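Have a look at the structure below before the remarks.
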Amino acid sequence: MSPSELRGHIFEPGAYEAGSLAGCYWAQTAPDCPDDGPVSGAAKVEFAVIGAGFTGLSAALRLAQGGADVAVLDMHRPGWGASGRNGGFCCVGGASATSGQIRARYGATEAERFHATERAAINHVSTQIERLGLEVDRHSRGELQLAHSPKAFAEMTRDAPDLAKRHGVEASLIAPAELAERGLGAAGMHGALHLDLGFALNPRKLALGLAGAVRAAGGRIHGDSAVLEITQADGYHVLRTTQGEIRAKHLVIATNGYSSDNVPGWLRWRYLPLQSSVLVTRPLSDAEIAAQGWSSDLMAYDSRHLLHYFRLMPDRRMLFGMRGATRWTPNALETHRRETRAHFDAMFPAWRDVEAPHFWSGLLCFSREMVPFVGEMGAGSGVHGAFAYHGNGVAMANWCGDQLARRLLGQASDLPQFFSRTPKRFEMGPWRRAALPLALVRYRVLDRL
């Protein structure tokens with residue numbers, strides 16, 4: 001795509017190019033799945049879905065299984081975006097707003113519905129994997145949060161009973177002295193909290209499995225079909241792509257962090273992408289694992305605002321991710337690669353000399369209110385969408401896509417009501433990304449307190 005066609009994207013063009021997937025470990029674990037080729041000429045469908053990630057594929061699967069005529073369009077290939085390049089944590093989350101903030105804004109009933117949604121989202125993914133017979137390298141019983149300071153562990157200790165009650169599962173504290181004997185040997189940690197909910201997986205295998213299920217149900221998937229413009233004509237949404245157009249009675253936008261400020265225009269300034277980067281080591285030997293003392297297969301993250309997330313995968317490679325980059329240029333990516341490696345080495349010093357041949361970045365998505373959106377993009381527009389999972393989209397994006405499709409089919413939905421509120425626009429509009437470096441400095445300071 002030319003720079004003029006990318007004018008609605010707020011990151012550098014390289015973030016949206018096919019080559020941005022270079023270095024991603026997941027790409028070598030599962031080849032691209034067959035699709036129906038780029039959009040060519042003119043066609044009509046009942047439902048068009050823009051975005052072949054978790055949200056769009058889950059929506060398309062539900063629609064196709066309901067008998068609808070569905071076409072999914074993607075700028076590149078299914079699973080190319082954040083859905084196929086994230087850390088693979090199917091866990092609670094989806095909002096950056098705290099439980100207390102959600103309760104204060106929307107009421108106790110809505111807060112409870114949100115927590116029920118967190119659990120339902122995880123169960124939905126688990127059920128889909130089993131029902132579709134997908135091989136996704138699943139592991140980890142629940143998730144682990146490590147305290148990066150004594151203060152953080154004190155807060156975990158205080159919050160554990162409420163967390164267990166909120167989700168109806170065990171929330172077990174692990175004292176600092178117990179970390180090593182539990183195979184949780186990460187430097188600088190001061191205790192941990194294990195929540196027995198969620199699991200880890202290969203996100204690309206999940207995304208491609210969903211894509212295959214969409215086609216098996218009668219839906220079409222058009223890769224290499226970037227939507228450049230959306231207009232209206234004769235009761236249809238007209239989607240112009242690089243090689244043709246599709247006219248759709250109903251339109252679903254499922255582009256999340258890879259959205260555009262002008263496709264459609266309603267999205268303008270209502271979303272904010274943020275980079276997250278991941279490195280993956282070569283397979284570790286038993287001796288190397290013993291030297292560091294990290295042998296747990298639990299998906300884990302620490303208590304920092306700019307958190308690190310990591311897990312020892314079934315093939316004994318260590319995955320380690322973090323946020324903090326704000327530009328998508330070769331120099332910026334190389335700088336962030338070095339920073340990520342430095343953080344990895346500080347946390348796992350025995351692995352300083354272990355090669356990490358895989359490193360990549362992707363775009364997650366925030367909303368101004370720090371909660372997801374699922375609903376109509378403009379009253380009476382006939383354009384619906386879902387986005388803003390705040391870095392926890394494996395479960396929530398799949399769930400939201402499925403629930404959105406249920407609504408479009410006239411079926412009951414279990415989503416919290418506040419998900420459908422129109423998101424506020426970010427104050428700095430087209431320059432909102434410029435605030436990210438200042439926000440990151442603030443979070444780094446808070447993480448040292």
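For clarity, every value in this text was computed on a predicted model and none was experimentally measured. Just the heavy atoms: all of them, side chains too, but no hydrogens, waters or symmetry mates, feed the values below.
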What heavy-atom pair brings Pro314 and His139 nearest, and what distance separates the two atoms? CD-CD2, 3.4 Å

In short, Glu245 meets Val238 closest at the heavy-atom pair OE1-CG1, 3.7 Å

Per the side-chain hydrogen bond (donor to acceptor under 3.5 Å, both in side chains) rule, what does the pair list look like for residues 366-381, sequence neighbours excluded? Arg368-Glu427

With sequence neighbours left out, write down each residue that passes salt bridge (charged side-chain N to carboxylate O under 4.0 Å, His left out) with Arg105, or none if nothing qualifies. none

Give a yes or no on whether Arg425 atom CZ has more than 12 heavy-atom contacts from other residues, nucleotides or ligands under 6.0 Å away. yes

Taking atom CD of Gln411 as the centre, does the number of heavy atoms from other residues, nucleotides or ligands within less than 6.0 Å exceed 12? yes

The criterion is salt bridge (charged side-chain N to carboxylate O under 4.0 Å, His left out); which residues satisfy it with Arg432, sequence neighbours excluded? Asp261

Please report the closest heavy-atom contact between Cys24 and Trp360, naming both atoms and the distance. CA-CE3, 3.3 Å

So which pairs with a foot in residues 23-36 pass salt bridge (charged side-chain N to carboxylate O under 4.0 Å, His left out), sequence neighbours left out? Asp32-Arg77, Asp32-Arg204, Asp35-Arg77, Asp36-Arg215

Chi angles and distances behind the salt bridge (charged side-chain N to carboxylate O under 4.0 Å, His left out) call for Glu155, Arg158: CA-CA 5 Å; Glu155 291 173 351; Arg158 180 197 66 204; 5.1 Å; no

What is the ring orientation for Phe373 with Trp266, classed by angle as parallel under 30°, tilted 30 to 60°, or perpendicular over 60°? tilted

Sequence neighbours left out, what passes ring-ring contact (aromatic ring centres under 6.0 Å, His included) with His250? Give chain and number order. Phe47

Is the centre of the His343 ring less than 6.0 Å from the centre of the His308 ring? yes

Salt bridge (charged side-chain N to carboxylate O under 4.0 Å, His left out) contacts touching residues 399-415 (sequence neighbours left out): Arg62-Asp402, Asp402-Arg406

So do Tyr258 and His9 actually touch side chain to side chain, heavy atoms under 4.5 Å? no

